[in-house]
**Q** 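First the structure, then my questions, so here it is.
First the proteins, then the strands, lettered A, B, ... as listed; each starts at 1. Here the structure is a predicted model, which means the values were calculated and not measured.
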Number of protein chains: 2
Amino acid sequence: MLRNEQTALRDHVLNIASSLFYAHGIRAVGVDLIVAEAGVAKTSLYRHFRTKDDLVAAFLTCEDEQFWQTWQEVADRNADDAWAELNAHLEWIGSRLARPNYRGCPQINAVAEFSDPKHPARQIAATHKAEMRRRLKTIAVRLNSDRPDELAGQLALLINGAFVSAGMLAPDEAIPLLQNAARLLRAGHTS
Amino acid sequence: MLRNEQTALRDHVLNIASSLFYAHGIRAVGVDLIVAEAGVAKTSLYRHFRTKDDLVAAFLTCEDEQFWQTWQEVADRNADDAWAELNAHLEWIGSRLARPNYRGCPQINAVAEFSDPKHPARQIAATHKAEMRRRLKTIAVRLNSDRPDELAGQLALLINGAFVSAGMLAPDEAIPLLQNAARLLRAGHTS
DNA sequence: GCACCGATACAGAACTGTCTGTTTCCATCT
DNA sequence: AGATGGAAACAGACAGTTCTGTATCGGTGC
């Protein structure tokens with residue numbers, strides 16, 4: 001019970017901080033704002049997170065896990081058809097760009113905000129992006145690509161490009177743009 | 001003469017600030033650091049730039065102009081061949097990712113750092129990205145694309161994706177990855 | 001009674017932007 | 001040629017805020 005309340009408060013602070021970090025940027029959000037929005041004392045925040053950087057790392061780790069959870073659910077629904085799986089991924093990713101408060105990929109944004117390669121945020125982001133390419137490569141292999149690593153890299157560029165190009169695309173444009181591009185890239189990779 | 005010294009000092013401050021903004025992020029760099037690195041008085045900075053945001057806007061505008069200047073030089077060298085021009089663009093853009101202190105596209109990074117759509121940095125970045133798609137579309141038209149606007153969008157996704165994916169790519173991987181992708185996309189767009 | 005929480009004050013640093021002096025230098029006037 | 005005035009720069013203190021992180025104290029529920 002105590003344990004539950006403890007983790008409940010920790011999760012509450014993390015959820016509020018995550019929303020603020022994503023909406024306004026990590027450096028733009030101070031701990032004073034976080035505790036005010038969460039309605040908790042600053043002491044409580046620092047009881048569960050040793051520093052702000054620890055809170056940032058927890059935010060990015062959480063986003064990473066949620067992303068792969070969604071990915072996995074879509075993958076499981078298309079376990080028998082790699083091509084259908086890829087298109088399904090492009091669909092839910094593309095649909096995110098049209099969400100009202102969309103503000104890019106948290107990992108990419110974190111890399112833009114923190115320049116030190118040793119910063120935990122950078123390392124979590126790097127792992128996240130490497131994992132994305134790894135998963136795309138397994139799909140490319142199942143698609144019988146001639147050079148699956150290259151196809152995976154190209155698909156990753158498209159996806160990362162979509163993440164940072166929402167402001168350049170019309171609301172309903174992203175999904176067909178991505179899916180058509182994937183179709184053409186795949187066609188060129190299976191001779 | 002007086003006029004020259006004024007603009008020389010303004011440019012000096014802007015150059016130092018630009019280097020620091022790009023290397024460490026805009027919010028991470030304070031005006032105290034800028035004036036210390038530039039070796040000028042804070043009063044001098046505020047004589048030429050009304051606020052820090054004005055300095056940030058000047059930074060992004062300058063980066064924008066330099067980017068299109070390089071683009072235009074490459075375009076002029078390939079005025080007779082749109083396909084050669086596109087590949088030349090992908091080459092110099094891809095080669096940037098391998099530069100030692102590469103830290104992404106300044107415009108994309110600025111969008112990650114500032115959440116307010118009305119912030120001058122966001123507007124300069126939005127204009128920059130719209131201009132990129134516009135120029136790519138003129139190339140797509142010259143390539144006889146069936147849907148030049150879509151091809152331009154796909155190429156823009158690839159390029160923006162490359163900007164934010166340098167950490168995911170091997171040093172010599174970006175250029176062939178981009179050029180092969182462009183080849184396949186183009187082939188699918190000219191039936 | 002004890003562990004947790006909220007509230008609050010605080011320390012120390014960094015931030016943007018202002019203000020006051022002093023120095024330098026060049027153009028102009030005598 | 002030498003004096004004068006004005007523009008621009010430097011140096012540095014300063015105000016007011018915000019930032020991260022700590023310390024203290026009182027309340028509350030198990």
**Q** Between atom CD1 in B:I34 and atom P in C:dG17, what is the gap in whole Å?
**A**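 Taking CD1 of B:I34 and P of C:dG17, I get 11 Å after rounding.
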**Q** In this structure, how many angstroms lie between the C1' atom of C:dC15 and the CD atom of B:E113, rounded?
**A**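 These atoms are roughly 15 Å apart.
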**Q** Could you pick out which residue, A:K52 or B:K42, lies toward the 5' side of DNA chain D when each is mapped onto its nearest nucleotide?
**A**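 Closer to the 5' end of DNA chain D: B:K42.
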**Q** Can you measure A:Y46 atom OH to C:dC5 atom P for me and round it to whole angstrom units?
**A**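 Computing the A:Y46:OH to C:dC5:P distance gives 17 Å.
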**Q** Identify whether the distance between the nearest side-chain nitrogen and carboxylate oxygen of A:E85 and A:R142 falls below 4.0 Å.
**A**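 Salt bridge: yes.
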**Q** Please report, rounded to the nearest Å, how far the C1' atom of D:dT20 is from the CG atom of A:D54.
**A**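 About 13 Å, once rounded to whole Å.
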**Q** Looking at B:F114, is its backbone amide N or carbonyl O close enough to the side chain of B:R122 to form a donor-acceptor pair, meaning the two atoms are under 3.5 Å apart?
**A**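 Checked: pair present.
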**Q** Quick one: sort the B:F67 and B:W71 rings into parallel, tilted or perpendicular, breaks at 30° and 60°.
**A**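 Plane angle between 30° and 60°, so tilted.
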**Q** Please evaluate residues A:E63 and A:H128 with respect to the criterion side chain to side chain donor-acceptor pair (under 3.5 Å), reporting the C-alpha separation (whole Å), side-chain torsions for both, the decisive distance (0.1 Å), and the verdict.
**A** CA-CA 10 Å; A:E63 293 287 335; A:H128 176 85; over 6 Å; no
**Q** In this structure, how many angstroms lie between the P atom of C:dG17 and the CG atom of B:L55, rounded?
**A**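 Rounded to the whole Å, the gap is 10 Å.
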**Q** How close or far is atom P of C:dC15 from atom NE2 of B:H24, stated in whole angstroms?
**A**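 For the pair B:H24 NE2 and C:dC15 P, the rounded distance is 12 Å.
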**Q** Kindly point out which of D:dA11, C:dG6, C:dT16 is positioned nearest to the side chain of B:T43?
**A**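 Of D:dA11, C:dG6, C:dT16, D:dA11 is nearest to the side chain of B:T43.
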**Q** From D:dG21, C:dC5, D:dA9, pick the nucleotide closest to the side chain of A:H48?
**A**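 When the side chain of A:H48 is considered, C:dC5 is the closest of D:dG21, C:dC5, D:dA9.
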**Q** Taking atom C1' of C:dC5 as reference, at what distance in whole Å does atom CZ of A:R10 sit?
**A**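 It works out to 17 Å between those atoms.
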**Q** Please state how far atom CG in A:L45 lies from atom P in D:dG21, giving the value in whole angstrom units.
**A**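 So the two atoms are 10 Å apart, to the nearest Å.
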**Q** Is it the case that the side chain of B:R103 and the backbone of A:A112 share a donor-acceptor pair, with hydrogens and angles ignored and the cut-off at 3.5 Å?
**A**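 Flag set: sc B:R103 to bb A:A112 pair under 3.5 Å.
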**Q** Please pick, from D:dA9, C:dA7, C:dT18, the nucleotide with the shortest atom-to-atom distance to any side-chain atom of A:A41.
**A**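 Looking only at side-chain atoms, A:A41 lies closest to C:dA7.
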**Q** Which one, D:dT20, C:dT16, C:dC5, comes nearest to the side chain of A:D32?
**A**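 Closest nucleotide to the A:D32 side chain: D:dT20.
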**Q** Looking only at side-chain N and O atoms, does B:R47 come under 4.0 Å of OP1 or OP2 in D:dA9?
**A**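 For D:dA9, OP1 or OP2 has a side-chain N or O of B:R47 closer than 4.0 Å.
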